[in-house]
Every structure is written in structure tokens, then in C-alpha cells.
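First the structure, in the form of C-alpha cells, and then the observations on it.
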Amino acid sequence: MFQLLREDINSVFKRDPAARNFFEVLTNYPGLHALLLHRLNHWLWKKNLKWLARTLSTFSRWLTGIEIHPGARIGRRFFIDHGMGVVIGETTEVGNDVTLYQGVTLGGTSWQKGKRHPTLEDGVIVGAGAKILGPFTVGTGAKIGSNAVVTKEVPVGATVVGIPGKIVKRAEPDEEEALEVDPERREAICQKFGFDAYGVSQDMPDPMARSMQAMLDHMHAVDERIERMCATLRKLDASYHDGRLPELRDEDFAEILDEHDNGCMGPKADNEATMRSQPDRHNG
């Protein structure tokens with residue numbers, strides 16, 4: 001027991017530079033208080049003293065602002081920094097050396113009995129305000145960004161951000177191979193399609209920007225193949241010449257644009273517009 005307590009306190013020193021001494025950590029860290037009370041509550045829960053365990057967990061919630069269900073299984077060197085608003089559900093499983101920040105929810109999405117809360121493997125870090133919802137696994141060493149909402153399994157070593165959560169970084173060997181594309185060709189295709197892919201740096205972990213990059217790279221590959229096909233056709237048939245697509249003119253779409261402009265006005269407005277366009281017979 002004292003060995004676990006020493007480990008828990010030492011884990012605070014390793015992960016919080018504001019911690020100054022043993023006595024300060026023991027008396028002023030609500031995350032540590034919530035963890036120590038949970039270890040007692042979990043022991044009572046396993047001994048089938050469920051009402052007492054729930055009552056003491058409610059007291060712990062009132063004292064620390066952290067709600068941990070007595071049925072949750074938590075590993076060693078677990079650290080909750082600041083802690084206010086943290087909620088950990090009944091069937092949650094937490095590995096060793098896991099870190100949570102304030103406002104984190106490890107919750108469920110079902111009212112069915114059984115496993116309905118997430119499993120966090122060793123070394124997971126969950127940022128402030130993040131929500132991990134459902135009976136899936138967050139892999140070893142994964143990082144969940146602040147305010148992310150995660151509802152699907154997270155691979156080992158991945159970093160997840162956004163709502164809904166999207167993987168923006170994978171650890172080797174899960175990292176996907178980069179498509180080799182000439183930067184000048186990519187820039188040319190960007191200009192051709194009117195999209196500035198470099199408005200957001202390629203190195204920034206933005207999944208939407210990376211998706212657009214992948215689309216532009218695909219367009220580049222298709223464009224290059226079409227050029228090769230045309231070159232081959234010119235070699236096979238001297239009379240072949242590259243055709244151009246007809247230009248789009250505004251007058252070709254005049255009727256459609258008129259319908260779009262008047263579509264929200266309704267038939268009454270159309271009738272009024274028609275009456276105004278006709279000459280006044282009474283003033284002839």
C-alpha cells in the first residue's frame with residue numbers, strides 16, 4: 001500500500017513541474033486524493049459493499065470535484081492534473097502511467113449492461129475537456145487532444161484531435177507512406193483548379209488539409225496520365241490533334257440563373273413580375 005502511495009506521489013513530481021515537495025503534493029493535489037479514495041472504494045466494491053463504496057465515491061466527488069465510479073479499474077501511477085470535472089465510468093479500464101487533465105469524460109454511449117466505457121492502455125495522455133465515449137480501446141502511448149470527442153478505437157501511439165476525433169499522427173510502423181509528387185507539379189495543379197493547398201502548411205496536423213492534398217495529388221497523377229495518352233495518340237496518328245473543351249458562357253446558363261434568382265419568390269411574385277413587364281393597356 002505504501003509502495004503504491006509513493007509511486008503515485010512520485011508520478012506527480014514527474015508530470016507536474018509545479019510540485020515542490022512531498023507534503024504539498026500529499027495535502028493539496030485533488031487528483032491524488034481522488035485516486036487514493038478510489039482505491040479504497042474499489043476494494044469495497046469488490047467485497048460487494050457496493051452501497052458504502054458508492055457513498056464514499058460521492059463524498060470523494062464532493063471533496064475533489066472528480067467523479068470515479070468504484071467499479072472502474074485503474075492501474076499504477078495514474079495522474080489527474082487539476083482534475084475538476086473529470087468523470088470516469090463504471091466499466092472503464094485504465095492502464096499504468098496514464099495522465100488525464102481537467103474536464104475529461106471517460107463515458108459510455110449505451111444503457112445496456114456490460115462493457116460500455118473505454119479502455120486506456122499504458123501511457124495514454126488525455127487533454128483537458130476531451131470526451132472518450134464507448135467500449136473501445138485507446139492504444140498504448142496515444143494522445144487525445146483537448147476538447148476532442150473520440151468514439152472509435154485509437155491505434156497505438158496515435159494523436160487524435162477534433163470533433164469527431166480524427167487521427168493526425170501515427171507512430172511507426174503505422175505511418176502511411178508519403179506519395180512522391182514533384183512540388184512544382186503540385187503547385188501547377190493547385191493553380192489549375194483554383195485551390196491554394198499551401199494556405200495551410202503541409203506539416204500542420206490538419207486532417208482536412210491533408211485530405212485536400214491527397215485529392216490534388218490524385219488529380220496530378222490523372223492529369224499526367226492523360227498527357228501521356230495524348231502524346232501516344234499523336235505518335236500513332238499524325239492527324240490527331242488535342243481537342244479543347246468548349247468554354248462555358250454565362251448566356252448558356254441564363255435561364256437556370258433566372259430560375260435560381262426567382263425560385264424563393266414563389267408563383268405570386270412571378271405573376272407580379274409578369275404584370276409589371278406588360279404594357280399598361282389603360283394608359284395607351
- Message: Can a donor-acceptor pair be found, under 3.5 Å and without considering hydrogens, that links the side chain of T64 to the backbone of I66?
- Response: yes

- Between P30 and H82 the two heavy atoms that sit nearest each other are CG-O, 3.5 Å

- Taking every heavy atom of G107 against every heavy atom of P118, the minimum-distance pair comes out as O-CD, 3.3 Å

- Message: Please give me the minimum heavy-atom distance between T137 and E121, naming the atom from each residue.
- Response: CG2-OE2, 3.5 Å

- Would you please name every residue forming a ring-ring contact (aromatic ring centres under 6.0 Å, His included) with H117, sequence neighbours left out? none

- Message: Please check this pair: side chain of T91 against backbone of R116, looking for a donor-acceptor N/O pair closer than 3.5 Å.
- Response: yes

- Does the side chain of T92 reach to within under 4.5 Å of the side chain of H69, using non-hydrogen atoms? no

- For T119 and K115, work out which heavy atoms get closest and say how close. OG1-NZ, 3.0 Å

- Item | L106 side chain near L100 side chain, heavy-atom distance below 4.5 Å | yes

- Qualifying residues under ring-ring contact (aromatic ring centres under 6.0 Å, His included), relative to F22, sequence neighbours excluded: none

- Message: If you define the side chain from C-beta out and look only at heavy atoms, does anything of K50 sit under 4.5 Å from P70?
- Response: no

- Message: Could you work out, with side-chain hydrogen bond (donor to acceptor under 3.5 Å, both in side chains) as the rule, every residue matching E93, not counting sequence neighbours?
- Response: R73

- Under a 4.5 Å cut-off applied to non-hydrogen side-chain atoms, are L63 and L37 in contact? yes

- Message: Let me check something: do V149 and V161 share a hydrophobic cluster, defined by ILVMFWY side-chain heavy atoms less than 4.5 Å apart, either directly or through other members?
- Response: no

- Query: Between CG of N41 and CZ of R54, what distance do you get to the nearest 0.5 Å?
  - Reply: 10.0 Å

- If you round to the nearest 0.5 Å, how far is CD1 of I80 from OH of Y29? 13.5 Å

- Query: Is a side-chain N or O of K152 found less than 3.5 angstrom from the main chain of K166, in a donor-acceptor match?
  - Reply: no

- Are L35 and F79 side-chain neighbours, meaning at least one heavy-atom pair lies under 4.5 Å? no

- Besides W45, the hydrophobic cluster formed by Ile, Leu, Val, Met, Phe, Trp and Tyr side chains linked at under 4.5 Å, directly or via other members, contains none

- Item | Atom of G89, atom of A72 and distance for their closest heavy-atom approach | O-CB, 3.4 Å

- Message: I'd like to know if the side chain of D122 reaches the main chain of G95, judged simply by a donor and an acceptor atom lying under 3.5 Å from each other, with no hydrogens or angles considered.
- Response: no

- Item | Hphob cluster co-occupancy, V104 + I125, side-chain heavy atoms under 4.5 angstrom | no

- Message: Running the 4.5 Å side-chain criterion over Ile, Leu, Val, Met, Phe, Trp and Tyr, what cluster does L56 land in, apart from itself?
- Response: L40, W43, L44, L49, W51, L52

- Message: So I144 and V154, do their side chains get closer than 4.5 Å, heavy atoms only?
- Response: yes

- On a heavy-atom basis, the closest approach of G145 and A130 is O-CB, 3.6 Å

- Separation between OG1 of T99 and CZ of F78, rounded to the nearest 0.5 Å: 8.5 Å

- With sequence neighbours excluded, tell me which residues meet salt bridge (charged side-chain N to carboxylate O under 4.0 Å, His left out) with D97. R77

- Task: Using the rule that two of Ile, Leu, Val, Met, Phe, Trp, Tyr join whenever any of their side-chain heavy atoms come within less than 4.5 Å, decide whether V86 and V98 are in one cluster.
- Result: yes

- Linking I/L/V/M/F/W/Y whenever their side-chain heavy atoms sit closer than 4.5 Å, directly or via other members, would L120 and F136 fall into one cluster? yes

- Query: Checking side chain to side chain contact (heavy atoms under 4.5 Å, CB included) for the pair V25/L32: CA distance, chi angles, key distance, verdict?
  - Reply: CA-CA 8 Å; V25 171; L32 178 63; 3.9 Å; yes

- Message: Starting from Y101, can I reach V87 by hopping between I/L/V/M/F/W/Y residues whose side chains sit under 4.5 Å apart?
- Response: no

- Task: Could you please spell out the steps behind the side chain to side chain contact (heavy atoms under 4.5 Å, CB included) verdict for I74 and I68?
- Result: CA-CA 10 Å; I74 295 179; I68 307 177; 3.9 Å; yes

- Message: Can you tell me if R39 has over 12 outside heavy atoms packed within less than 6.0 Å of its CZ?
- Response: yes

